[in-house]
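Only one structure is covered here, and it is reproduced in the block below.
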Amino acid sequence: MKMMRKECPNIEINLRDCPCTYPCDLKGRCCECVANHRAHNELPACFFPPEVERTYDRSFRRFISLHR
């Protein structure tokens, strides 16, 4: 099921603050980004430090390993 894209009222702030280095059309659309990653059993880039984000390993396992 494809999500309907709505205008994001915070897009400028989100784009300024988004740490994601992956080229993606969801960048800055946090609600859609989180939903997309959850559908793939992942977390978005903003949950990870920069050195881990750059690996694109967004798994729950990787997240938990950082917080033990």
Side-chain angles (χ1 to χ4, degrees):
M1 176 180 208
K2 190 161 182 143
M3 293 175 37
M4 300 267 311
R5 176 153 297 166
K6 296 180 184 177
E7 285 302 313
C8 177
N10 299 316
I11 190 77
E12 290 179 29
I13 294 167
N14 294 347
L15 284 171
R16 183 185 67 220
D17 296 338
C18 183
C20 185
T21 59
Y22 190 80
C24 172
D25 66 341
L26 297 179
K27 188 170 179 73
R29 299 179 183 281
C30 300
C31 295
E32 293 178 54
C33 177
V34 169
N36 180 63
H37 281 282
R38 285 189 65 204
H40 293 96
N41 293 316
E42 301 174 333
L43 294 166
C46 53
F47 282 66
F48 297 93
E51 64 276 6
V52 177
E53 185 281 327
R54 287 189 290 270
T55 70
Y56 300 134
D57 181 354
R58 310 281 172 73
S59 67
F60 288 111
R61 181 175 295 198
R62 183 66 171 126
F63 178 78
I64 291 167
S65 76
L66 296 171
H67 298 283
R68 286 192 167 170

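Across all non-hydrogen atoms, the minimal contact from Arg58 to Pro44 is CD-C, 4.2 Å. Across all non-hydrogen atoms, the minimal contact from Glu51 to Arg54 is CA-NH2, 3.5 Å. Residues Cys8 and Gly28 approach most closely at SG-O, 4.0 Å, considering heavy atoms.
Within 6.0 Å of atom OH in Tyr56, more than 12 heavy atoms from other residues, nucleotides or ligands are found, so the atom counts as buried in its surroundings. Taking a 6.0 Å sphere around CD of Glu12, one finds it holds 12 or fewer heavy atoms contributed by other residues, nucleotides or ligands.
The distance from atom OG of Ser59 to atom CG of Asn41, rounded to the nearest 0.5 Å, is 10.0 Å. Rounded to the nearest 0.5 angstrom, Asn14 CG and Leu26 CG are separated by 12.0 Å. Thr55 OG1 to Arg62 CZ: the interatomic distance, rounded to the nearest 0.5 Å, is 6.0 Å. Taking CZ of Arg61 as the start and CG of Leu43 as the end, the distance is 13.5 Å to the nearest 0.5 Å. Atom CZ of residue Arg38 and atom SG of residue Cys33 lie 12.5 Å apart, to the nearest 0.5 angstrom.
Side chain to side chain, Glu53 and Thr21 meet the donor-acceptor criterion of an N or O pair below 3.5 Å.
Hydrophobic clustering of Ile, Leu, Val, Met, Phe, Trp and Tyr side chains at less than 4.5 Å, counting indirect connections, unites Phe63 with Val52.
Between the Lys27 side chain and the Cys20 main chain, a donor and an acceptor come within less than 3.5 Å of each other.
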